[in-house]
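This is a predicted model, so every value here is computed, not measured. Residues take their numbers from the sequence shown, with the count starting at 1.
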Amino acid sequence: MDRELHLTEEHVSRVFRDVPEGDDALHWGWTRLDEAAISAKAREILAQRPEGPLQVFAYGSLLWKPEFRPVASRPGRAIGWHRAFCIELTSWRGTPEAPGLMMALMPGGDCTALLQEIAEPEVLPALEALVRREVPFAEVAESYAWIEVEAAEGPVRALTFYAPPKGQDLRRDLSLEQTAAIIARACGHAGSNTEYLHRTVTALAAQGIHDPNLWRLQQLVAAEIDALD
């Protein structure tokens, strides 16, 4: 099994484009949550928390750009979920002319990622920061879930986002090769889709976590970019 990372910083640099920043709320026609609504959503999520320390299941960008400093971080395996680039982006990391794809958790399979524990005094501000970043619009505000994750000390219930995504049209029709072709060409004001994938697989590799589909995908994206020259 090939565990080499073919996708490099050089690939990321080659596909970067300077895209002007726009207002995502206006772009999608969505309603942005104000600070009062963000706080209310964070408290709603907090009211559903299980007993024990609050754990966040970080499987994508939270691996390399967390919104809080975890007091503990360890691998965990979510049975019944898998990573999928399935949310079409015409802003952020894509444009209407070259849409990108955002990762979510979709039913089926399994997913190994990191459990990130929030210190108790930081729980509410951390949740507010997560809502502000992950689900800042009313149309996607329900795209979170408490899922069961297998950890070394036994099963825990952890908070995660976009599992599965709600209120959005999903690209369920794409092969891995088609996904790679989209990712290799997509870039928005927040950066390229390639950068997102590269940072994710690099962060997973640093933790000794190997996702076969993502490893195959990064190899395909690297080949797509090489073929663009």
Side-chain angles (χ1 to χ4, degrees), residues 1-21 24 27 57-66 75 77-78 80-114 134 160-165 168-229:
M1 185 180 295
D2 186 0
R3 295 190 176 222
E4 181 183 352
L5 290 180
H6 297 259
L7 195 61
T8 66
E9 288 282 0
E10 182 184 356
H11 290 108
V12 173
S13 297
R14 280 156 60 185
V15 297
F16 174 78
R17 298 190 299 277
D18 191 6
V19 178
E21 183 172 357
D24 289 332
H27 179 84
F57 187 68
Y59 64 90
S61 62
L62 288 175
L63 290 165
W64 44 267
K65 191 180 177 183
R77 184 174 177 228
W81 299 96
H82 69 278
R83 295 178 179 88
F85 278 91
C86 60
I87 304 174
E88 188 168 79
L89 294 175
T90 53
S91 182
W92 195 247
R93 289 188 183 271
T95 62
E97 297 76 24
L101 294 167
M102 190 175 89
M103 192 190 297
L105 288 183
M106 294 297 286
D110 63 83
C111 174
T112 300
L114 286 186
E134 296 291 328
T160 198
F161 293 89
Y162 296 97
Q168 294 172 310
D169 293 329
L170 303 180
R171 295 299 308 268
R172 302 173 184 267
D173 57 323
L174 299 171
S175 67
L176 212 57
E177 289 76 13
Q178 290 170 321
T179 300
I182 290 171
I183 290 174
R185 292 163 175 80
C187 187
H189 66 81
S192 69
N193 233 179
T194 296
E195 178 191 33
Y196 179 95
L197 175 60
H198 175 260
R199 289 193 176 191
T200 300
V201 293
T202 300
L204 288 170
Q207 297 292 331
I209 297 172
H210 178 254
D211 182 314
N213 277 344
L214 278 193
W215 256 245
R216 176 59 179 154
L217 180 60
Q218 59 86 28
Q219 184 178 22
L220 290 169
V221 171
E224 284 282 341
I225 295 171
D226 288 340
L228 293 175
D229 294 342

Could you tell me the separation between the [atom1] atom of [X] and the [atom2] atom of [Y], rounded to the nearest 0.5 Å?
X: Leu204; Y: Leu63; atom1: CG; atom2: CG; value: 5.0 Å
X: Gln218; Y: His6; atom1: CD; atom2: NE2; value: 6.0 Å
X: Leu62; Y: Leu114; atom1: CG; atom2: CG; value: 10.5 Å
X: Arg83; Y: Met103; atom1: CZ; atom2: CE; value: 6.0 Å
X: Arg216; Y: Thr179; atom1: CZ; atom2: OG1; value: 12.0 Å
X: Leu7; Y: Leu214; atom1: CG; atom2: CG; value: 11.0 Å

Report task. Start with the C-alpha distance between Arg93 and Glu195, add both sets of side-chain angles, then the distance that settles side chain to side chain contact (heavy atoms under 4.5 Å, CB included), and finish with yes or no. Result -> CA-CA 9 Å; Arg93 289 188 183 271; Glu195 178 191 33; 3.0 Å; yes
Beyond-backbone contact of [X] with [Y], side-chain heavy atoms, under 4.5 angstrom:
X: Glu134; Y: Tyr162; result: yes
X: Arg199; Y: Ser61; result: no
X: Leu170; Y: Pro165; result: yes
X: Leu101; Y: Leu174; result: yes

Query - Pair His11-Asp226, side-chain donor/acceptor within less than 3.5 Å - result: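 Checked: His11/Asp226 side chains pair up, N/O donor to acceptor below 3.5 Å.
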**Report entry** Polar contact flag, side-chain donor to acceptor under 3.5 angstrom, Thr200-Trp64
**Finding:**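 Yes.
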Considering all heavy atoms, the nearest [X]-[Y] contact:
X: Tyr196; Y: Gly60; result: OH-CA, 4.3 Å
X: Ile87; Y: Ala104; result: CD1-CB, 4.0 Å
X: Arg185; Y: Ala98; result: O-CB, 3.8 Å
X: Tyr59; Y: Cys111; result: CB-SG, 4.1 Å
X: Ala78; Y: Phe57; result: CB-CZ, 3.8 Å
X: Ala180; Y: Leu220; result: CB-CB, 3.6 Å

Query raised in the report: Does atom CH2 of Trp215 have more than 12 heavy-atom neighbours, drawn from other residues, nucleotides or ligands, at distances under 6.0 Å?
Result: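 Enclosed: over 12 neighbouring heavy atoms sit under 6.0 Å from CH2 of Trp215.
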Query - Candidate pair Leu217 and Ile183, rule side chain to side chain contact (heavy atoms under 4.5 Å, CB included), full reasoning - result: CA-CA 9 Å; Leu217 180 60; Ile183 290 174; 3.9 Å; yes
**Report entry** Stepwise side-chain hydrogen bond (donor to acceptor under 3.5 Å, both in side chains) test for Asp18 and His189
**Finding:** CA-CA 7 Å; Asp18 191 6; His189 66 81; over 6 Å; no
Report task. Apply side chain to side chain contact (heavy atoms under 4.5 Å, CB included) to Phe85 and Leu197, showing your working. Result -> CA-CA 10 Å; Phe85 278 91; Leu197 175 60; 4.1 Å; yes
Query raised in the report: For the side chain of His82 and the backbone of Gly108, is there at least one donor-acceptor N/O pair under 3.5 Å apart?
Result: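 At least one qualifying donor-acceptor pair exists.
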